[in-house]
Enquirer: 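The structure's right below; bear with me while I get my questions together.
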There are 2 protein chains.
Amino acid sequence: MRYAKPWWYKRMIEEGIKFTLQRKLILDVLNRTKKHLSAEEIYFIVRKFYPNIGFATVYRTLDLLTKIGIVIKLNFGDGRMRYELAEKENASHIHLICKNCGKVFEDGGDENEKIKEIEKNISSRYNFKVENLKIFFMGKCENCQKGGD
Amino acid sequence: MRYAKPWWYKRMIEEGIKFTLQRKLILDVLNRTKKHLSAEEIYFIVRKFYPNIGFATVYRTLDLLTKIGIVIKLNFGDGRMRYELAEKENASHIHLICKNCGKVFEDGGDENEKIKEIEKNISSRYNFKVENLKIFFMGKCENCQKGGD
DNA sequence: AATGATAATGAAAATCATTCTCAATTAGGA
DNA sequence: TCCTAATTGAGAATGATTTTCATTATCATT
Ligand SMILES: [Mn+2]
Ligand SMILES: [Mn+2]
Ligand SMILES: [Zn+2]
Ligand SMILES: [Zn+2]
């Protein structure tokens, strides 16, 4: 085999769920994109490679993968959920969401240390086992501060 | 007048929107509860005091108040949006969400300083004007770690 | 290869939170 | 009081997501 199996393959096997073609294709799409795709967008991309895939399968797969932590399900407030591949450890980046134009920006992880610290405090303070975190900064992007009202 | 107008009253006036009875009642509900209510829950509570209020008015009001920062709109993943009164300055607390039982816990603000610092860094790094932030820690609550799988 | 048990899938219908439409009402300034 | 724009309530419409159910794929055993 030319390529090593990706980390999510191992995770799926150890969870006892099957690595079907449909699931593989959905994960490939998420792996290749930099964007935050919606279920529908993923559906249409996968369809190019596998025209028979059903809408429900996409939703089911995304839910399943979210449940086991391979995928992160995000709500940026545009009326549909969006999905991204989880990062290998439970590190996760901050999302900046412009309330004006809707654009989403990602922080490059420069705050990771501070976040880890907060996570540790919270974990021990509440006896809460943190599996992943979602940090959204809502506000106005550079562009919208100048131009729009 | 016995009581001073609440801070959101002033905000609404300065935004040039009317402080109607319906809006007042919705804000009163949000102000009195500790929970994170959905639009429907708010609707049924307001109805006790004002049986004629319409569902659409509740949604419209919550949207409006969210837009001007008086209300925060949250998605905990249970299929409906939930609302809480914003805090007076743009301070906001961390939400811990149990993926197992769905319960939501709130941090008492002990991480505020660290969060402020992150906020400041992000603001200047990306020239992003932060208006409010949503921090969700997804995981398993104390109870669910013991009992259920 | 055939079998059977179980998991996964696709198509379509159903659900249901949220938004839209529009006629009626209200609020506040001239 | 009159005028105008904002607000509201009822109900219909929307549309993302879920459910249903018959069919198909998977895989361990004969
Ligand atoms: Mn992201
Ligand atoms: Mn809260
Ligand atoms: Zn913007
Ligand atoms: Zn729990």
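By convention in this document, chain letters (A, B, ...) are assigned in the order of the sequence lines, proteins followed by strands, and residues within each chain are numbered from 1.
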Enquirer: Side chain of A:Ile17: nearest nucleotide among D:dT17, D:dG9, C:dA8?
Expert: C:dA8

Enquirer: Do the side-chain N or O atoms of B:Arg23 get closer than 4.0 angstrom to the phosphate oxygens (OP1, OP2) of D:dT7?
Expert: yes

Enquirer: Rounded to the nearest angstrom, tell me the gap between atom CD1 in A:Ile53 and atom C1' in C:dG10.
Expert: 10 Å

Enquirer: Whole angstrom is fine here: how far is it from CD1 in A:Ile13 over to C1' in D:dC27?
Expert: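 Between C1' of D:dC27 and CD1 of A:Ile13: 13 Å.
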
Enquirer: Return no unless some side-chain N or O of A:Gln22 is found under 4.0 Å from OP1 or OP2 of D:dA25.
Expert: no

Enquirer: Starting from P on C:dT18, measure out to CZ on B:Phe55 and report it in whole angstrom.
Expert: 8 Å

Enquirer: Grab the CD-C1' distance between A:Glu41 and D:dT17 for me, whole Å please.
Expert: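 Rounded to whole Å, this separation is 15 Å.
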
Enquirer: Atom CZ of B:Phe19 and atom P of C:dA27: how far apart are they, to the nearest Å?
Expert: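 Taking atom P of C:dA27 as the reference, CZ of B:Phe19 is at 13 Å.
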
Enquirer: Please report the distance, rounded to the nearest Å, between CG in B:Leu62 and P in C:dT19.
Expert: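 Distance check: B:Leu62 CG to C:dT19 P gives 10 Å.
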
Enquirer: Do B:Arg82 and B:Phe76 make a side-chain contact, defined as non-hydrogen atoms from C-beta onward lying under 4.5 Å apart?
Expert: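 Counting from C-beta outward, B:Arg82 and B:Phe76 do come under 4.5 Å.
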
Enquirer: Sort out for me which residue in A:Tyr50, A:Phe55, A:Phe49, A:Tyr83 forms a ring pair (Phe, Tyr, Trp, His ring centres under 6.0 Å) with A:Tyr43.
Expert: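 Passing option: A:Phe55.
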
Enquirer: Any side-chain heavy-atom pair from A:Ile72 and A:Thr66 closer than 4.5 angstrom?
Expert: no

Enquirer: Would you indicate what A:Arg60 reaches in the nucleic acid, counting non-hydrogen atoms under 4.0 angstrom: base, sugar-phosphate, or nothing?
Expert: base

Enquirer: Take the protein atom CG of B:Leu64 and the nucleotide atom C1' of C:dC20, then report the distance between them rounded to whole Å.
Expert: 17 Å

Enquirer: Would you mind reading off the distance between B:Asp78 atom CG and D:dT18 atom C1', rounded to a whole angstrom?
Expert: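 Between C1' of D:dT18 and CG of B:Asp78: 15 Å.
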
Enquirer: Let me spell it out: for each of B:Lys73 and B:Lys18, pick the nucleotide of DNA chain C with the closest heavy atom. Which residue's pick is nearer the 5' end?
Expert: B:Lys73

Enquirer: Should A:Thr20 be listed as having a side-chain N or O under 4.0 Å from OP1 or OP2 of D:dT26?
Expert: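 It does not, given that no N or O in the side chain of A:Thr20 lies less than 4.0 Å from OP1 or OP2 of D:dT26.
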
Enquirer: Check every strand shown and say whether B:Glu40 touches a base, only sugar-phosphate, or nothing at a heavy-atom separation below 4.0 Å.
Expert: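 No contact.
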
Enquirer: Using only side-chain N and O atoms of B:Tyr59, determine if any of them is under 4.0 Å from OP1 or OP2 of C:dT19.
Expert: no

Enquirer: Is there a donor-acceptor pair closer than 3.5 Å between any side-chain N or O of B:Arg80 and the backbone N or O of B:Ala39?
Expert: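 The answer is no, because no donor-acceptor pair under 3.5 Å joins these two groups.
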
Enquirer: Establish, with yes or no, whether the OP1 or OP2 oxygen of D:dG9 is under 4.0 angstrom from a side-chain nitrogen or oxygen of B:Tyr50.
Expert: yes

Enquirer: Count the heavy atoms belonging to other residues, nucleotides or ligands that lie under 6.0 Å from NZ of B:Lys67, then report whether that count exceeds 12.
Expert: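 No, NZ of B:Lys67 has 12 or fewer neighbouring heavy atoms, counting only those of other groups under 6.0 Å.
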
